Amino acid sequence: MKYDYLLKNATVFDGSGNESFISDVAIKDDRIAKISPQIIADADITIDCTGLVLSPGFIDVHTHDDLIVVQKPDYIEKTSQGVTSIIVGNCGISAVCATLRDEVPDPIDLLGSLDEFVFPDLNAYKEKINQISPSVNVGTLIGHTTLRNNCVESLLKPATQDNIEVMKSKLVEALEQGALGLSTGLSYGNAINSSTEEICALSEVLTAYRGLYATHMRTEYDGIIGAMEEAFLVGRHAKVPVQISHHKCAGAKNWGRTVETLGLIDKCRLEQDISCDCYPYRAGSSNLDLSQVTADYDILITWSTPHPDMSGKTLEEIAVAWSTDIHQAAARLQPAGAIYFQMHEDDVRRVLQHPSSMVGSDGLPRDPNPHPRLWGTFPRVLGHYSRDEKLFSLATAIHKMTGLSAQRFSLSGRGFIKENYFADIVLFDANKINATATFEQPKQRADGIEYVFVNGVVAYTDKQMTGNRAGRFMEREKN
């Protein structure tokens with residue numbers, strides 16, 4: 001057989017968490033055709049990988065890329081850091097199944113503008129993704145707030161029983177068409193008044209499909225234990241896996257409490273299926289929320305409609321310039337975006353190290369001055385936390401962004417270097433890999449990424465997009 005690519009002498013980390021081995025890897029069409037210590041065969045292109053790590057393509061399990069990946073199929077923000085697959089539809093907001101009227105409500109507006117929401121069902125989105133073939137594979141959860149917005153009289157009130165039946169019907173349809181599960185964003189104003197009963201009723205739909213329940217919980221601040229218990233209750237009610245989105249203990253009063261929250265996960269995992277994702281930074285980002293304005297930590301403004309010149313300044317700096325307090329300054333900036341330095345580094349490290357955690361960027365691609373996690377999440381884990389800080393081995397780091405993620409989200413044929421698996425592959429220099437994106441200059445390509453293959457096609461090399469794309473829609477693996 002003549003192969004398309006023959007990758008010679010690579011240091012292979014297969015995504016399982018096991019240690020590396022030196023091997024050749026052959027690619028034919030969209031698959032890994034052969035893995036062997038020495039492959040002697042013809043290939044269109046042979047690459048000497050001596051000194052390079054060969055790993056499965058990274059899977060970003062927590063994104064808000066639903067619409068940007070349609071608008072920008074050459075999605076360099078993710079491809080340049082080795083990401084080959086993304087999960088969209090997180091935090092209760094999905095472009096899929098959205099039927100909007102005359103405006104895009106908060107926080108669905110994080111995804112894009114009104115004219116972009118043209119996917120009333122999953123089949124329409126799937127068709128579009130497969131048509132444009134972006135530089136990454138795409139799978140989706142279905143957002144609870146999106147479903148609510150289709151049918152409730154007011155997003156600020158609990159759904160009626162009739163509303164719930166409408167939502168359940170739409171969720172069934174989406175799961176039939178390949179959705180990965182349901183997501184909630186219960187801390188946001190347009191979902192916080194949803195009852196636990198409403199979420200449990202919707203979760204019942206997931207049971208027959210073994211869908212995932214992913215949640216941006218009701219709070220990540222003082223009441224976090226109660227919020228976790230509610231999430232676990234939903235999982236037990238429907239007998240489905242629970243994914244805690246971007247797990248953190250936010251607010252200065254809660255720094256150090258990951259000892260408690262991770263202990264609760266350990267305890268409850270003995271009886272039900274629970275995991276979490278996290279990003280490798282002590283700051284988060286979202287719209288500027290007046291209820292989260294505090295002097296306890298820095299808040300960096302990323303954009304402001306009435307005061308665009310304040311972008312890049314802290315709320316405290318703006319308040320001083322305006323001779324006012326931070327609360328009044330925040331009100332004047334609205335609508336705006338912000339980066340909140342709301343976590344403690346020790347907590348970030350604990351969550352990253354936990355055996356249930358996997359890596360997700362949670363970046364906001366529509367933000368004109370995004371959090372550096374949009375460009376730097378995966379290289380930062382590999383370079384800073386694994387290599388430099390020795391928080392965990394390279395094998396563990398790769399497992400947390402490949403095999404563990406693929407298994408969690410039921411992505412068939414992905415996440416591992418195995419024969420007949422899709423050829424989603426990253427070649428990188430473990431000594432050089434590093435995130436260069438910073439809070440001051442976030443739009444920076446990572447160092448050390450040599451090649452990114454997506455379904456057997458080279459999408460990125462020499463720090464450039466190749467213009468060749470082979471991404472496709474990923475449906476939930478049928479059990």
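The structure displayed is predicted, hence computed values, not measured ones.
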- Okay, side chain of Asp447, backbone of Asn434: is any donor-acceptor separation there less than 3.5 Å? no

- Query: Short question: side chain of Ser304, backbone of Leu333 - any donor-acceptor pair under 3.5 Å?
  - Reply: yes

- Electrostatic pair Lys72:Asp65 at N-O distance under 4.0 angstrom: no

- Message: Please check this pair: side chain of Asn137 against backbone of Ser85, looking for a donor-acceptor N/O pair closer than 3.5 Å.
- Response: no

- Heavy atoms of other groups near Lys463 NZ, more than 12 under 6.0 Å: yes

- Item | Student check: side-chain heavy atoms of Leu100 and Pro105 closer than 4.5 Å | yes

- Assess the pair Phe378 and Phe428: is the distance between their ring centroids shorter than 6.0 Å? no

- Compare all side-chain heavy atoms of Pro134 with those of Tyr75 and state whether any distance is below 4.5 angstrom. no

- Looking only at atom types and distance, does a side-chain atom of Ser133 sit under 3.5 Å from a main-chain N or O of Gly471, one as donor and one as acceptor? yes

- Crowding at CD, Gln71 (>12 non-hydrogen neighbours, <6.0 Å): yes

- Spacing of Asn431 atom CG and Arg387 atom CZ [to the nearest 0.5 Å]: 7.0 Å

- Message: Under 4.0 Å between a side-chain nitrogen and a carboxylate oxygen: does that hold for Asp74 and Arg469?
- Response: yes

- Hey, what do you get for CZ (Phe422) to CG (Asp424), rounding to the nearest 0.5 Å? 8.0 Å

- Message: Keeping Arg476 on the side-chain end and Ala179 on the backbone end, is there a donor-acceptor pair under 3.5 Å?
- Response: yes

- With side chains defined as the heavy atoms from C-beta onward, is the minimum distance between Pro306 and Arg332 less than 4.5 Å? no

- When you look at Thr261 and His247, which way does the side-chain hydrogen bond (donor to acceptor under 3.5 Å, both in side chains) test go after all the steps? CA-CA 9 Å; Thr261 61; His247 184 44; 2.9 Å; yes

- Item | Cationic N near anionic O, under 4.0 Å, Arg350 to Asp347 | yes

- Query: How many angstroms lie between OG in Ser135 and CD in Glu77, if you round to the nearest 0.5 Å?
  - Reply: 9.0 Å

- Main-chain N/O of Phe416 paired to Thr402 side chain as donor or acceptor, under 3.5 Å: no

- Lys248 side-chain N/O to Tyr279 backbone N/O, donor-acceptor pair under 3.5 Å: no

- Task: Determine, for Tyr281 and Arg373, whether the Lys NZ or Arg CZ falls below 6.0 Å from the six-membered ring centre while staying within 45 degrees of the axis.
- Result: no

- Dump the intermediate steps for side-chain hydrogen bond (donor to acceptor under 3.5 Å, both in side chains) on Gln243 and His62, then the final yes or no. CA-CA 10 Å; Gln243 178 85 357; His62 192 103; over 6 Å; no

- Message: Any side-chain to backbone donor/acceptor pair from Thr314 onto Asp298? Under 3.5 Å, distance only.
- Response: no

- Message: Donor-acceptor pair, distance only, cut-off 3.5 Å: does the side chain of Glu260 make one with the backbone of Arg257?
- Response: no

- Message: Run Val70 and Glu116 through side-chain contact (heavy atoms from CB on, under 4.5 Å) and show every step you take.
- Response: CA-CA 9 Å; Val70 173; Glu116 296 177 79; over 6 Å; no

- Quick one: does Phe232's side chain get under 4.5 Å of Ile244's, heavy atoms only? yes

- Query: Please walk me through it: do Asp266 and His354 pass side-chain hydrogen bond (donor to acceptor under 3.5 Å, both in side chains)?
  - Reply: CA-CA 9 Å; Asp266 287 336; His354 195 265; 2.7 Å; yes

- Query: Under a 4.5 Å cut-off applied to non-hydrogen side-chain atoms, are Leu290 and His327 in contact?
  - Reply: no

- Item | Shortest non-hydrogen contact from Tyr297 toward Gln292 | OH-O, 3.9 Å

- Query: What's the spacing between Cys97 SG and Leu147 CG if we round to 0.5 Å?
  - Reply: 6.0 Å

- Query: Counting distance only, does the side-chain N/O of Ser94 pair as donor-acceptor with the main-chain N or O of Ile142 below 3.5 Å?
  - Reply: no

- Message: Using the rule given for ring pair (Phe, Tyr, Trp, His ring centres under 6.0 Å), can you reason through Tyr451 versus Tyr5, listing the C-alpha separation, both sets of side-chain angles and the distance that settles it, and then say yes or no?
- Response: CA-CA 12 Å; Tyr451 290 87; Tyr5 291 92; 8.2 Å; no

- Taking everything shown except Gln334 itself, do over 12 heavy atoms lie less than 6.0 Å from its CD? yes

- So OG1 of Thr84 and CG of Asn455: to nearest 0.5 Å the spacing works out to 8.0 Å

- Note on the structure: Heavy-atom nearest pair, Pro379 first then Ala435, reads CB-N, 3.7 Å

- Min side-chain heavy-atom separation Leu374-Pro365 under 4.5 Å: yes

- Query: Any side-chain heavy atom of Leu404 sitting closer than 4.5 Å to one from His399?
  - Reply: yes

- For residues Ser361 and Asp60, is any side-chain donor paired with an opposing acceptor at under 3.5 Å? yes

- side chain to side chain donor-acceptor pair (under 3.5 Å), paired with His216, selected from Ser187, Ser245, Ser286: Ser187

- How many angstroms lie between atom CE of Met474 and atom CD1 of Ile87, to the nearest 0.5 angstrom? 4.0 Å

- Shortest non-hydrogen contact from Gly92 toward Ser183: N-OG, 2.9 Å

